[in-house]
Amino acid sequence: MSADNQEVRELAQKEYEHGFVTDIQADTLPPGLDEDVIRAISAKKNEPQWMLEWRLDAYEKWLKMTPPQWPHLRIQPIDYQAISYYSAPRQGDGPKSLDEVDPKLLETYNKLGIPLEEQKMLAGVTDMAVDAVFDSVSVKTTFTRQLEEAGVIFCSISEAMHKHPALVQQYLGTVVPKTDNYYAALNCAVFTDGSFVYIPKGTRCPMELSTYFRINAQNTGQFERTLIIADEGSHVSYLEGCTAPIRDENQLHAAVVELVAMENAEIKYSTVQNWYPGDETGKGGIYNFVTKRAECRGDHSRVSWTQVETGSSITWKYPSCVLKGDNSVGEFYSVALSSLAQQADTGTKMIHLGRNTSSTIVSKGISAMKGQNAYRGLVQVNKNAENARNYTQCDSLLLGDTCGAHTFPYMEVKNPTARVEHEATTSRIGEDQLFYCRQRGISEEDAVSMIVNGFCKEVFRELPMEFAVEAQKLLSVSLEGAVG
Amino acid sequence: MLEIKDLHVSVDGKEILKGLNLSVDAGQVHAIMGPNGAGKSTLSYVLSGREGYHVTDGSVTYKGRDLLAMETDERACEGIFLAFQYPVEIPGVNSSYFLKAAVNARRRYRGEPEMNAMEFMKLTKEKMQVVEMKQELLARSVNEGFSGGEKKRNEIFQMAVLEPELTILDETDSGLDIDALRIVAGGVNALRNEQRSMIVVTHYQRLLDYIRPDHVHVLADGIIVKSGDEKLALELEEKGYSWLEKSA
């Protein structure tokens, strides 16, 4: 055992014998993963005993698992012992002012029209309070009060574990079981933070919930865990991420998101992911291995996933819906862009269990430069899912001739009353379309962005208005230099 | 305005234009007629700057500048407009948004302030009447699901909005019935004045009944074999092209 791990072990054991101690000197654990590291994480977060046991159980299972080999991705082997699994936000770590930030990053911020104060936060400039971004204690307090009045719980999952332990214990891991897949199991063992949302019965959440407004959300780290519960007849729209590229030192991200929709409840979950994609060779980019799943538990419940994926060097992500309740509805709208040397293997799973369940899948893949984009989607109709309906539309757009688009649709239909439709197209951005735009005076870059945005329109219109505008801008910025 | 000298153009290594000469002054309308495969569309594309059309010799001067050295969008901003024979569909891109982008690209190029939404709506409303185009088409994606006639009208509508100095009409009459032809020609004529020039590329004489040219040229096998006035067009209608091709 390395000296570092020895230290961890001692630290962990020491803490363990004193129960749960919050006052810990070191705020970053040395690299490496074993049971003691998990104990240390749990101790640092002052977690209840059941949570620690849950983590340890996941860890034990993870050890016996292997990473999936089926994705259409080339992944360098990951050394899990070289990663530090806990890093608390620290003062003095990042650049001291914007002058120290990579000018390229700032250029992108400016193109996206991000205000200066916000740029500082995103770039991790340390000499400012995050509050200043939203002006903002006041804004935040107003929001918090409004949510409280409605009875909505919106906090970090660590906080929820202390304030609402029964809810967390009741739902955590019930949608994505610990052994669901290699990365999910790892997340269960070592997740550091994430969001928790509970919408009470019959409540319409009075505002869009955004990680943006949860102050410490920027530091949830690489193993994020989100749990959203919409109780009977409730409604919530949740926005994850933002269009600005996030400065991030962690290469591996393995998040788990669980959504539970009870009878007549509706959850709309929108993501814009713009992590660092790496350079033209893919070097330095983020690996994004996410497990996102929703369970439509109640009759007439509805879950809609909308994602715009433009960042990361590798994206492995399949936001899914388990349609248990009768008449429940699952939707998946996706735009995935792979440029530079980015690789994306993304899609969805729609599991029809209940009667009269229906699902819609609209996937738009864009590949440019050396990008590789794969759509992978499963539509499964079980024996008892009478009258299940699925419509899948899967379109790929290629820019240039060094990129690739791949489609892997899977269909398992065990009920003869099911109706499953799949449409797929692959097109190259048309020379004739470009010429038409340019003949009208529109520059090549604007023309490309116009055509690509047109291609993605069906997905963008599912996003909340402001998010949609940002997403369009983001796509244009991401495609700069990809043509010509 | 436009001076084409000894223009040679190849497409995929095959020479299509073989030393074409043409001079168009401000305010003039020139008709280019000729049999299929003579190089009419090639001329339209090479003037508007389409990729894949390689100029191997000769020169094109537009408003005193070397046209061939200009980018496609720069040519458009300098006032060259091509009314496409086959207008292109752009799914998901709103017609009105597209046209506003084109209007403002030109304005930016000239250092003028961009047009706001209100001004633009007023302008389009006025110009739509010229070609009797339905307002609802502007709310749809560019040319998507438009009928053949609607597409052609949309081209002329765009032309009316953009007010180009040199318009190239590439077989604008093809696929139009007589009523649509009259409307389209009306739109073109409404734009004629002493500053604007037009090149009307057509296979048939009938368009020239509505858009009356100052000059008529016959293009055959990559060169202009005969030039004249309106009467030449009528003569062609009668005799066909073969008598000219032989003399070429």
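Excluded from the calculations below are hydrogen atoms, water molecules and symmetry mates; all remaining heavy atoms, backbone and side chain alike, are included. Below, chain A is the first sequence line, B the second, and so on; all start at residue 1.
- Taking all atoms of both residues into account, the shortest heavy-atom contact from A76(B) to R438(A) is CB-O, 3.7 Å.
- Open room surrounds CG on D12(B); 12 or fewer heavy atoms of other groups in view lie less than 6.0 Å from it.
- Neither the backbone nor the side chain of P164(B) comes within contact range of chain A, judged by heavy atoms closer than 4.5 Å.
- By the neighbour-count criterion of 12 heavy atoms within 6.0 Å, atom CD of E194(B) is sparsely surrounded, having that number or fewer from other residues, nucleotides or ligands.
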>> Quick one, V142(B) with Q433(A), criterion side chain to side chain contact (heavy atoms under 4.5 Å, CB included). Give me CA distance, side-chain angles, the key distance, then yes/no.
In response: CA-CA 10 Å; V142(B) 178; Q433(A) 290 176 330; over 6 Å; no

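- The two residues C77(B) and G441(A) come nearest to each other via the heavy atoms SG-O, 3.8 Å.
- The minimum heavy-atom distance linking F435(A) with S48(B) is given by the pair CZ-OG, 3.4 Å.
- Contact count versus chain A (heavy atoms, under 4.5 Å) is highest, among E51(B), Q158(B), R75(B), R106(B), for Q158(B).
- Residue contact with chain A, scored on non-hydrogen atoms closer than 4.5 Å, involves the backbone and the side chain of N94(B) alike.
- Proximity to chain B (any heavy atom under 4.5 Å) is shown, for Y436(A), by both the backbone and the side chain.
- Counting all heavy atoms, side chain and backbone alike, Q439(A) lies closest to I80(B) at NE2-O, 3.0 Å.
- E71(B) CD: 12 or fewer foreign heavy atoms inside a 6.0 Å radius.
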> Stepwise, does the side chain to side chain contact (heavy atoms under 4.5 Å, CB included) test hold for V93(B) with N453(A)?
Replying inline: CA-CA 8 Å; V93(B) 176; N453(A) 275 304; over 6 Å; no

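- Contacts between L162(B) and chain A at a heavy-atom distance below 4.5 Å involve the side chain alone, from C-beta outward.
- Looking at L99(B), there are no atoms closer than 4.5 Å to chain A (heavy atoms on both sides), in backbone or side chain.
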>> Using the rule given for side chain to side chain contact (heavy atoms under 4.5 Å, CB included), can you reason through R50(B) versus E431(A), listing the C-alpha separation, both sets of side-chain angles and the distance that settles it, and then say yes or no?
In response: CA-CA 9 Å; R50(B) 187 166 197 158; E431(A) 183 270 332; 2.9 Å; yes

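- In this structure, Y97(B) places its OH atom where only 12 or fewer heavy-atom neighbours from other residues, nucleotides or ligands lie under 6.0 Å away.
- Between the side chains of Y86(B) and D432(A), no donor N or O sits under 3.5 Å from an acceptor N or O.
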> Please walk me through it: do F98(B) and I442(A) pass side chain to side chain contact (heavy atoms under 4.5 Å, CB included)?
Replying inline: CA-CA 9 Å; F98(B) 171 80; I442(A) 299 164; 3.8 Å; yes

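- Under a cut-off of 6.0 angstrom, the local environment of CE in M411(A) is crowded, with over 12 non-hydrogen atoms contributed by other residues, nucleotides or ligands.
- With a 4.5 Å cut-off on non-hydrogen atoms, C437(A) touches chain B through its backbone and its side chain both.
- Counting non-hydrogen atoms of neighbouring residues, nucleotides and ligands closer than 6.0 angstrom, the NZ atom of K63(B) exceeds 12 such neighbours.
- Between the side chain of R440(A) and the backbone N or O of L82(B) there is at least one donor-acceptor pair closer than 3.5 Å.
- Contact annotation for E89(B): only backbone heavy atoms (N, CA, C, O) come within less than 4.5 Å of a heavy atom of chain A.
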